[in-house]
Amino acid sequence: MSATEISLTQALNPQRGRTPITKPRSNSIWLGILLPLFAALLWEASVQTGFMVGRLMPPPSHIIKTLWNLWQSGELTTHVIATTLRVFAGFALGAVIGTLFGALTGYSMLMRRLLDPALQALRAIPSIAWVPLFILWLGIFEASKIALIAVGVFFPVYLGVSGAVQSVDRKIVEVGRIFRLSGFELIRRILLPAVLPSYVIALRSGLGLGWMFVVAAEFMGASEGLGYLLVDGQQLGKPDQILAAIITFAVIGKLSDSLLAAITAPYLHWEDRFGRDT
Amino acid sequence: MLQVSAIGKVYQNGTQALEDVTLTIDDGEILGIVGGSGCGKSTLLRLLSGLDHATTGAVSVDGVTITEPHPYIGLVFQEPRLLPWLSISDNVGFGLIEPDTVLKKRRIGEALEKVGLSRYGTSSPKELSGGQTQRVALARALITRPRVLLLDEPFSALDAFTRVELQDHLLDLWNETRPTLVLVTHDIEEALFLADRVVVMRQHPGRIAETFEINLPRRRDRTSPEFETMKREILRSLNTTLTLHKIA
Ligand SMILES: Nc1ncnc2c1ncn2[C@@H]1O[C@H](COP(=O)(O)OP(=O)(O)O)[C@@H](O)[C@H]1O
Ligand SMILES: [Mg+2]
């Protein structure tokens, strides 16, 4: 079928026309997997045939075996839960505070002038630089780790919310004003839904940074968690364990992001943007 | 009665948008306001709606000074300004305070029917055409039964056919409850077709240049000689305001 024929079918029969739109999407998943899969197979083959030495860069079969063993012994579950809980606690803390400050500075010019310069200055500090101070203040256990993650989550959420509130279309706010909505109603019925799409993006990038910062936090010294697996793997010379931890990070990071996207999707169905799927 | 007493508006940047505008608009009257771009038409409507404050003078409805949006006064903007996250029904019912949900639903249904969009209640704004969304905006403004409805170039973004259709439609809606209409437009024909009185404005600063009583019986025939004559008169007046501005 030629391109014009396809668009013609779509125009005449939208129900049937949908098929060509969904098809490339399921294809594209496989397309994305193709390259990593090929690389993995190539590496596996080179090690199996003795062409390459897999001591520092273990082949996929080796990594899968390590993952399986970690899973069987229950270790993997322990580490994943420890890390996820830290990210979750740090994310919740950072997101709540970031949302609060973002809403304040976005809504009120006075608050923006008062708070934003100081927060921007704090943002300029590389967050890892806080580590020694956090350890001194909060000790080497959970509190300092969660604080560091919260700092990482705070800034993208703060910037996203503040920017989103500031850029709400004045024209839409006037619709609320003409119907005499009170301050609270204006926030609930106009501002909140208007900022929601940017808010979700801010939360997602905050969560992404949460996963980055949990590694740094666990490098500070932890007896469990995926970061501990990394450090342990380095100290005991177990590259397969390091790679197993890295792969686990990728999987749960992606899973948590998809979960966040899926939870918020029903509230964003109205968006009319270029590049939106569905 | 809508009373505009010697209002002036100077924006914060020093722009004098309006100077000494005085108008008395009777209940049920349709007032057309025409004028070149930038002569303060939108500013005038914003002051009438209470969205903005006059620098001098005052606006009052039945003797009550307007300082903020008033339940009696509705406004239709130049753009539909629908809320994209709400369905068409919810957009129409946005400003309606009616705790009884069954009653509210019925009122929304009636309002949609009046603008001929009954089938679209569950659609979302992005699924409607420009003319349809402007109808929704009209329904949203009318559902609260305002006694004064302000319209700021409501049909200017539409094609000629849709525009004429909506002008007819607006007249039908007006006929039902006879609210006061203040219609800003840059389309002389639109003003002539609808209004009892047409005010021509001039700019720098925005002022009333001339007022025309339109005594043609409704529904007006856009092709009748009387209509044409009035149109030419208003056009001449408008041109004078524009050339005056050029000389000044
Ligand atoms: N918010 C504003 N701040 C400063 N100047 C404004 C503002 N709104 C309108 N103006 C100015 O006031 C004048 C009248 O504008 P407006 O009422 O929008 O005219 P119209 O609707 O007749 O085109 C213009 O010169 C415009 O630039
Ligand atoms: Mg205007």
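Within every chain, numbering begins at 1; the chains are lettered A, B, ... in the order of the sequence lines, protein sequences first and strands thereafter.
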Peer 1: Assess whether atom CD of A/Q166 is packed by more than 12 heavy atoms of other residues, nucleotides or ligands within 6.0 Å.
Peer 2: yes
Peer 1: Return yes when atom CZ of A/F101 has more than 12 non-hydrogen atoms of other residues, nucleotides or ligands closer than 6.0 Å, and no otherwise.
Peer 2: no
Peer 1: In this structure, are over 12 heavy atoms from other groups packed under 6.0 Å from B/I97 atom CD1?
Peer 2: no
Peer 1: Would you check if B/L86 and A/P193 make a side-chain contact, meaning some heavy-atom pair closer than 4.5 Å?
Peer 2: no
Peer 1: Are the side chain of A/R177 and the backbone N or O of B/L51 linked by a donor-acceptor pair below 3.5 Å?
Peer 2: yes
Peer 1: Is the shortest heavy-atom distance from the side chain of B/W85 to the side chain of A/L196 under 4.5 Å?
Peer 2: no
Peer 1: Give a yes or no on whether A/R189 atom CZ has more than 12 heavy-atom contacts from other residues, nucleotides or ligands under 6.0 Å away.
Peer 2: yes
Peer 1: Most heavy-atom pairs under 4.5 angstrom with chain A, which of B/S124, B/G74, B/G50, B/P71?
Peer 2: B/P71
Peer 1: With only heavy atoms counted, which part of B/F94 is less than 4.5 Å from chain A, the side chain, the backbone, both or neither?
Peer 2: both
Peer 1: Please flag which part of B/L96 lies under 4.5 Å from any non-hydrogen atom of chain A: side chain, backbone, both or neither.
Peer 2: neither
Peer 1: Which heavy atom of B/P69 sits nearest to which heavy atom of A/I178, and what is that distance?
Peer 2: CB-O, 3.8 Å
Peer 1: Go through the atoms of B/E79 and report whether side chain, backbone, both or neither lie under 4.5 Å from a heavy atom of chain A.
Peer 2: side chain
Peer 1: Mind running side-chain contact (heavy atoms from CB on, under 4.5 Å) on A/E174 and B/L75 for me, showing each step along the way?
Peer 2: CA-CA 10 Å; A/E174 279 178 359; B/L75 174 60; over 6 Å; no
Peer 1: Measure distances from B/T144 to the heavy atoms of chain A and classify the residue's part below 4.5 Å as side chain, backbone, both or neither.
Peer 2: side chain
Peer 1: Please give me the minimum heavy-atom distance between B/L82 and A/I172, naming the atom from each residue.
Peer 2: O-CD1, 4.2 Å
